[in-house]
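This report refers to the structure that appears directly beneath it.
For the single chain, residues carry numbers from 1 onward in sequence order. If you're wondering where the values come from, they're calculated on a predicted model, not measured in any experiment.
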Amino acid sequence: MENACLLPSLSLSTLGECLRIAKSMYYPVSVKDILYEQKMPEYFSMYREAARTCVNSQEPLYALKIYRLIERLIKRTIDDDCSFLLPSEQHELCEIMKPYFEEMQIFAYENHNLEGMIPFLYENILLMKELFAKPSFQYHRYLTDTDSKSILKMQSLIDSIALDRNSFRAQSPESRTKWLQNQVIRREQERALINYVKKNVPSHFLEIKPWNEIAASLNSNEAVIEIFSLPYDVVNNGYAAIVFTKNKSPHLITLPPEIVLMTKKNETLYDKIWIPIKEVIGECTHLYISSEETLKYLSFASIHNEDEYIIDNYNFHYLFSSNDIPHIKSERTHITSVSQKDIFFFGGARFNYTPSSQTAIQGFQYLQGTVDEIESIEKLLSSQWNIHKYMGKDATETAFRNLSGQPLNSAVIHISTHGFHILYNPKIQSDVLQLDGFSGHKNHLLHTGLAFSGANSVWNGLQPLGTNDGILTAYEIASMNLSGTELVVLSGCGTGKGDVRYGEGSFSLQRAFRQAGVKSLIISFQNIPDKETKELMVDFYHYWQEGINKQNAFIMAQRNMKNKYPNEPNKWASFIFIE
């Protein structure tokens, strides 16, 4: 066995020998085995070596068969435990498996002209998303079927430990001891929580649908656009899209690099992105777009050629992964109407307000426009919807957190406030939320969030980050239970932004709200003006109240705004609706 493990470093003379050794070494392993050893079993390396031998021997189709075998082994290894991974375990697993996914994606991309390569690349991307970019541990499935409060109490304890200042970067030997103790306690509590849920919730098995099964669920006028980042070895800061329709097989389109997307030049977006896509989709007008990593640069609604905007002729349906399309379409056919919806408004927050002091300090500025927006929507909906308002000093993080675990079936949560996204800087040795726009916290979900009343005390470092302090981070949202919530509207600047990691997706508010059980969101990726935002939101709720489904209501509202401000997409195109 030891000699067999050394073979990958030698020059193998035959493919058969490599495969024979890999087969003889095979034994079933679990996620725990991989995480404990901090590496994949040796037979994975042997199969990979066999695939490389095929590539070097100019036999890529044979290599494809072996890479597909590796992919199946990965699914078999993870399947049972996939839905019960802690975020930290999910990240560790990604780091261990990432080299395999990178190699398979590079191989498929470089040989995409050969039969079967693009479907393999597509399914590989979907698998990576399901494993590492999708929130894994969703105990809300258990909470919705029971009255037990045990889980919420355990999660509350975990949050209090995670947000305790002793849980952050240690500055002295004494505080480091406390930091280590907190890390141990938190990990034990997380494991206890998962074990508690695991006894009551069946495992959610991975189901990666092949492209032709997804295509079969489409209507003749629908198309799929799955956008993803490429491994760095293929192209620096590059993206690609796989596009297909009900009757047209997947096509690979290489998109412009990140630096080009950042310029947002209309002619570049139209010529380099839209024209190649249009050639594939033909007459299709309803587009399912999975584009999480590029949304901060690319809004399809803003793409135009001179005065012709593609939003005039196409409906955009944004979603986390095109793997979800059959499920989303099935859910739509079973939607039951609710005569009176509950809507929870948060706006007009007094960011300087604290119960003990109202001293003015620098930080988030008061937004009168959020009050005007909510009052206009309330006037429109008050006769048909149940209105719940938290305004001014009552627009607190505590009020929002109290929604967790409440019956929210078909409810809407509308939050008009500042969003924030701060960048990580490992040189910062402080437990404050941010210093000059940078964070010293490693947890990506602590880099983005929403500001409620009293937020400026934490924002300016006058008090440490904690629970119910006016700063609601994505980390805190992810541990809430908002199951049944039909829609969350984040009416603020840049509420869709978050750290992005290859293979793990975006650590953003939308990720956090998905983890909390929310079905759909409206978010923005740029700065937005108050007046036009109010107009867009009022139009959206008007159409929805009239009986148009919320997705189409949003599209109609955005088209209205485009007609009002045809040469100013910054006033309406930054918002997107995500299912």
Side-chain angles (χ1 to χ4, degrees), residues 8 12 15 18-19 22-23 26 29 31 34 39-79 82 90-134 206-212 214 226-236 238-242 244 249-255 290 293 321-323 501-505:
L12 296 179
L15 169 65
C18 198
L19 291 172
K23 186 176 180 180
Y26 174 76
V29 296
V31 167
I34 295 175
K39 66 175 183 178
M40 300 284 273
E42 293 294 345
Y43 55 79
F44 275 94
S45 298
M46 295 304 299
Y47 281 119
R48 182 166 64 174
E49 191 66 30
R52 290 172 175 175
T53 299
C54 292
V55 173
N56 294 334
S57 302
Q58 305 300 312
E59 295 287 346
L61 294 180
Y62 202 163
L64 176 61
K65 293 181 180 180
I66 301 174
Y67 280 129
R68 281 199 174 276
L69 172 61
I70 293 174
E71 193 178 65
R72 288 197 298 272
L73 287 173
I74 289 174
K75 289 176 63 177
R76 185 186 303 173
T77 299
I78 296 176
D79 226 358
C82 179
Q90 200 175 25
H91 171 71
E92 289 174 15
L93 198 62
C94 181
E95 290 299 302
I96 294 168
M97 291 189 169
K98 190 183 294 183
Y100 287 85
F101 281 96
E102 287 181 338
E103 181 171 319
M104 289 187 284
Q105 290 167 18
I106 291 171
F107 162 75
Y109 178 80
E110 292 179 341
N111 294 278
H112 67 268
N113 290 324
L114 298 178
E115 184 179 357
M117 289 295 177
I118 298 179
F120 170 68
L121 176 60
Y122 175 66
E123 291 164 31
N124 196 274
I125 294 295
L126 296 190
L127 176 60
M128 200 174 189
K129 273 191 171 185
E130 291 291 321
L131 290 179
F132 309 126
K134 200 171 195 178
L206 280 171
E207 186 180 0
I208 306 301
K209 299 174 179 63
W211 80 268
N212 51 357
I214 295 174
E226 179 76 44
I227 299 177
F228 54 93
S229 60
L230 292 163
Y232 195 81
D233 289 346
V234 177
V235 57
N236 295 351
Y239 300 95
I242 291 178
F244 60 89
S249 60
H251 284 62
L252 179 68
I253 298 171
T254 301
L255 303 180
S290 175
E293 295 179 2
S321 169
S322 52
N323 193 54
R501 288 177 60 88
Y502 166 72
E504 296 180 82

**Asked** In chain order, what residues pass the ring-ring contact (aromatic ring centres under 6.0 Å, His included) check against His112, with sequence neighbours excluded?
**Response** Tyr109

**Request:** Identify, with sequence neighbours excluded, every residue that meets ring-ring contact (aromatic ring centres under 6.0 Å, His included) alongside Phe228.
**Result:** none

According to side chain to side chain contact (heavy atoms under 4.5 Å, CB included), who are the partners of [X], at least two apart in sequence or on a separate chain?
| X | value |
| --- | --- |
| Cys94 | Lys98, Phe132, Glu504 |
| Val55 | Ala63, Phe107 |
| Pro99 | Arg48 |

Rounded to the nearest 0.5 Å, what separates atom [atom1] in [X] from atom [atom2] in [Y]?
| X | Y | atom1 | atom2 | result |
| --- | --- | --- | --- | --- |
| Ser322 | Ile125 | OG | CD1 | 10.0 Å |
| Ile34 | Ile74 | CD1 | CD1 | 8.5 Å |
| Tyr122 | Lys209 | OH | NZ | 9.5 Å |
| Leu131 | Leu127 | CG | CG | 4.5 Å |

**Prompt:** Does the pair Lys75 and Glu130 meet the rule for a salt bridge (Lys or Arg N to Asp or Glu O under 4.0 Å), with working shown?
**Reply:** CA-CA 11 Å; Lys75 289 176 63 177; Glu130 291 291 321; over 6 Å; no

Does a side-chain heavy-atom distance below 4.5 Å link [X] with [Y]?
| X | Y | value |
| --- | --- | --- |
| Tyr100 | Leu73 | no |
| Met117 | Leu252 | no |
| Glu123 | Pro210 | yes |
| Trp211 | Pro250 | yes |

**Message:** Please evaluate residues Leu64 and Asn111 with respect to the criterion side chain to side chain contact (heavy atoms under 4.5 Å, CB included), reporting the C-alpha separation (whole Å), side-chain torsions for both, the decisive distance (0.1 Å), and the verdict.
**Reply:** CA-CA 10 Å; Leu64 176 61; Asn111 294 278; over 6 Å; no

**Request:** Consider only side-chain N and O atoms of Glu103 and Tyr67, and report whether a donor and an acceptor are under 3.5 Å apart.
**Result:** yes

Which residues satisfy the side-chain hydrogen bond (donor to acceptor under 3.5 Å, both in side chains) test with [X], sequence neighbours excluded?
| X | answer |
| --- | --- |
| Tyr47 | none |
| Ser290 | Lys129, Glu226 |
| Tyr62 | none |
| Asn124 | Glu71, Gln105 |

**Prompt:** For Lys39, which residues count as a salt bridge (Lys or Arg N to Asp or Glu O under 4.0 Å) partner, sequence neighbours excluded?
**Reply:** Glu42

**Request:** Could you please spell out the steps behind the side chain to side chain contact (heavy atoms under 4.5 Å, CB included) verdict for Phe244 and Ile118?
**Result:** CA-CA 11 Å; Phe244 60 89; Ile118 298 179; over 6 Å; no

**Message:** Looking at Glu95 and Arg501, is there a salt bridge between them, counting it only when a charged N and a carboxylate O are closer than 4.0 Å?
**Reply:** yes

